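When a ligand or atom number is given, it counts from 1 through the structure's own listing order. Keep in mind that this is a model prediction, so the values were computed, not measured.
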Amino acid sequence: MTTEDDVPAPFTVKLSALRIRALDAPLTSVRASTARVVRRAQHVHIDSAALAALTRSLTTRQTQPLAWQELGWHYHADAETAGPLTCQYALVLDALNFCFWPTPGLEYEHLARGLRRALERDPTAFNAQALASVSPATVAGWVDCPSPPSPSHLSTSTPPTGPGPATGARGTSPPSSPASSPPSSFLPCLSERVRKVREVGHVLLQHFNGQAADLVRASGFSAVELVRLLSAFFPSFRDEALHQGEQVYFYKRAQILVADIWAAYGCRTDPPFPYAFRDMGELTMFADYRVPQILRGRGVLRYAPGLAERVDGREELPAGSEEEVEIRAATVQAVESMREVWRAGGKGEILSVELDWLLWQEGERYRDSLPPHHRTLSIFY
Ligand SMILES: Nc1nc2c(c(CN[C@H]3C=C[C@H](O)[C@@H]3O)cn2[C@@H]2O[C@H](COP(=O)(O)O)[C@@H](O)[C@H]2O)c(=O)[nH]1
């Protein structure tokens, strides 16, 4: 199991040294590097006619993504009065926001709900000191699994025990039965998740007075700067890959954390209101495994026959493989193109973040009728 020496030794870079702006701010490199991948892609391509049709259907339906509070899963106080604890919750949530698929029925909402329950029971649960020495049993208990495992739900790639699917209807929260604390193997990649939480605790203690709120303040309430600080100080948020020898950036959990903090405090864009970010338009979508699933299901992403067969056969794609990187890069670029089509349709501006939320929630709603999503064991998404 995890030992202390798994946690990278704290480094003593002073915050001021980080004021030297990176030559290439991370988000421009996300757009530029994923565009390069798409230009050279062999396994995935974007169908522009289907992309335009999907975008038009989203604009005509005028669907709005459900907001942070409306989803009913997240810890939150009223956005106007929410204090630093909401920010600490979001950082822990998005340090763990990856790779639910190996356990059938496990969803993001079970993590969001379980962390909320932990914090409501003990407001000190996410203090940096507690995070820095968190135990595997504590992390395993942070998921809210409403139903015990039933053998029929366990597939070959599942750990020995795990719950069945949530019993709520798709798109609604599963009934909030008192959560049993799941067997430790319920949560996939448990050792890695413990390391990610301890890293957050150590880095907050070392550089940000133990407070996620201080990390946000250090960004000057700039989304771009906050992504940069996360990738600079928290190794587990450094979501990068190589494609044909060239570096590709995604920063999925760093970007989704900025968006979740923004949403949790009311999507304000008027600093110095706390947690109001003025440059949310700079964020790209968050390259996960649900959005490519809906984009492929709507004909926007087209996989080459070999790849389609492997994904539909639920074969794992190795992390960093050409196929995996091309799926993620094409997803980022497809959402960027959808944003342009949306704007050209005279419907004004939509942020990549807002398109992402719309597509993710659409993917959640229809995931049982869509072709399978790709399966990659990753700590990034
Ligand atoms: N691109 C994108 N990926 C997202 C989210 C979210 C949750 N965000 C919501 C919460 C508050 C906001 O209002 C958002 O509506 C989770 N994921 C990723 O999906 C994947 C599948 O997870 P599941 O289906 O549970 O197994 C997993 O990689 C997970 O990390 C998002 O928004 N966008």
Side-chain angles (χ1 to χ4, degrees), residues 30 63-76 79 86 89-90 93-116 143-145 158 162-163 165-166 168 170-174 187-189 193 196 236-237 239 250-267 280 283-295 297 301 317 319 324 327-328 330-332 334-336 338 351-368 370 372-381:
V30 172
T63 36
Q64 290 294 323
L66 287 175
W68 175 270
Q69 288 85 323
E70 291 170 317
L71 288 159
W73 311 328
H74 298 112
Y75 175 84
H76 73 276
T86 300
Y89 166 85
L93 172 65
D94 286 316
L96 292 167
N97 185 1
F98 59 87
C99 207
F100 304 108
W101 59 263
T103 299
L106 180 65
E107 292 293 317
Y108 162 87
E109 62 192 86
H110 298 132
L111 174 68
R113 196 198 300 282
L115 289 170
R116 181 188 73 193
V143 274
D144 194 0
C145 57
T158 317
R170 180 55 29 229
T172 56
S173 316
L187 193 58
C189 324
R193 295 192 202 264
K196 302 313 157 211
S236 75
F237 280 83
D239 176 1
F250 295 105
Y251 295 132
K252 178 258 181 185
R253 291 198 285 108
Q255 294 197 75
I256 205 170
L257 172 56
V258 177
D260 283 344
I261 291 170
W262 185 56
Y265 289 88
C267 293
M280 287 301 290
L283 295 189
T284 72
M285 68 79 59
F286 323 123
D288 70 316
Y289 54 85
R290 190 66 71 205
V291 174
Q293 184 186 20
I294 182 81
L295 290 180
L301 293 188
L317 299 184
E324 185 229 8
I327 289 174
R328 299 186 80 197
T331 303
V332 171
V335 172
E336 292 302 300
M338 289 179 73
L351 305 180
S352 299
V353 169
E354 292 163 326
L355 262 178
D356 174 283
W357 285 338
L358 264 180
L359 291 165
W360 185 80
Q361 293 179 15
E362 187 93 347
E364 287 298 298
R365 196 169 296 122
Y366 297 108
R367 62 165 195 202
D368 297 332
L370 289 166
H373 62 71
H374 74 283
R375 298 157 81 96
T376 294
L377 273 180
S378 173
I379 57 113
F380 291 130
Y381 64 99

### Message
Any nitrogen or oxygen of W68, side chain or backbone, less than 3.5 Å from one on ligand 1?
### Response
no
### Message
Under a 3.5 Å distance rule, please check whether Y289 uses its side chain to pair with a backbone N or O of C99 as donor and acceptor.
### Response
no
### Task
Could you tell me if any non-hydrogen atom of Y289 lies under 4.0 Å from any atom of ligand 1?
yes
### Message
Treating R253 as the side-chain partner and S236 as the backbone partner, does any N or O pair qualify as donor plus acceptor under 3.5 Å?
### Response
yes
### Query
Using heavy atoms and a threshold below 4.0 Å, how should the contact between E109 and ligand 1 be classified: side chain, backbone, both, or neither?
neither
### Message
Within this structure, what is the CG-CZ distance for the pair L257 and F237, rounded to the nearest 0.5 Å?
### Response
5.5 Å
### Task
Ignoring hydrogens and angles, tell me if any N or O in the side chain of Y381 forms a donor-acceptor pair with the backbone of R328 under 3.5 Å.
no
### Query
Any idea which protein heavy atom is nearest atom 13 (O) of ligand 1, and the distance to it?
L71 CD1, 3.7 Å
### Query
Measuring from the heavy atoms of H110, does anything fall under 4.0 Å of ligand 1?
no
### Query
In ligand 1, which numbered atoms sit nearer than 4.0 Å to a non-hydrogen atom of V291?
1 (N)
#### Entry: Element-labelled atoms of ligand 1 that are located less than 4.0 Å from some non-hydrogen atom of Y381
28 (O)
### Query
Does the R116 side chain pair with the main chain of G72, one donor and one acceptor, at a distance under 3.5 Å?
yes
## Note on the structure
Ranking L358, L111, D356 by closest non-hydrogen atom to atom 1 (N) of ligand 1, top hit is D356
### Task
Look at atom 11 (C) of ligand 1 and say which protein heavy atom is nearest, naming residue and atom and giving the distance to 0.1 Å.
H74 CE1, 3.4 Å
### Heavy-atom gap H373 to ligand 1 smaller than 4.0 Å
no
#### Entry: Top protein contact for atom 29 (C) of ligand 1, by heavy-atom distance
N97 OD1, 3.3 Å
### Task
Looking only at protein heavy atoms, identify the closest one to atom 32 (O) of ligand 1 and say how far it is in Å.
W357 CD1, 3.3 Å
### Query
Checking R193 side chain against L96 main chain: does a donor-acceptor pair fall under 3.5 Å?
yes
### Query
Which residue from W360, F380, F98 reaches closest to atom 19 (O) of ligand 1 through any of its heavy atoms?
W360
### Query
Backbone, side chain, both or neither: what part of I256 comes under 4.0 angstrom of ligand 1, heavy atoms only?
side chain
### Query
T284 and E336: side-chain donor and acceptor closer than 3.5 Å?
no
## Note on the structure
When distances are taken from atom 24 (O) of ligand 1, the protein heavy atom at minimum range is E364 OE2, 2.4 Å
### Query
With a 4.0 Å heavy-atom cut-off (strictly under), which part of Y108 contacts ligand 1: side chain, backbone, both or neither?
both
### Message
Restricting to non-hydrogen atoms, name the atom on P292 and the atom on T331 that form the minimum distance, rounded to 0.1 Å.
### Response
CB-OG1, 3.3 Å
### Task
Please answer whether the main-chain N or O of K252 pairs with a side-chain N or O of D239 as donor and acceptor at a distance below 3.5 Å.
yes
### Query
Please state which protein non-hydrogen atom is closest to atom 20 (C) of ligand 1 and give its distance, to 0.1 Å?
D288 OD2, 3.6 Å
### Query
Pick one: which of F380, Y108, F286 meets side-chain contact (heavy atoms from CB on, under 4.5 Å) with N97?
Y108
### Message
Tell me the contacting part of R253 for ligand 1: side chain, backbone, both, or neither, using a 4.0 Å heavy-atom threshold, strictly below.
### Response
neither
#### Entry: Donor-acceptor pair, side chain of W68 and main chain of Y265, under 3.5 angstrom
no
### Query
Any idea which protein heavy atom is nearest atom 15 (O) of ligand 1, and the distance to it?
Q361 NE2, 2.8 Å
### Task
Spell out, as yes or no, whether a donor-acceptor pair under 3.5 Å connects the side chain of T376 to the backbone of L317.
yes
### Query
What protein heavy atom is closest to atom 23 (P) of ligand 1, reported as residue, atom name and distance in Å?
E107 OE1, 3.1 Å
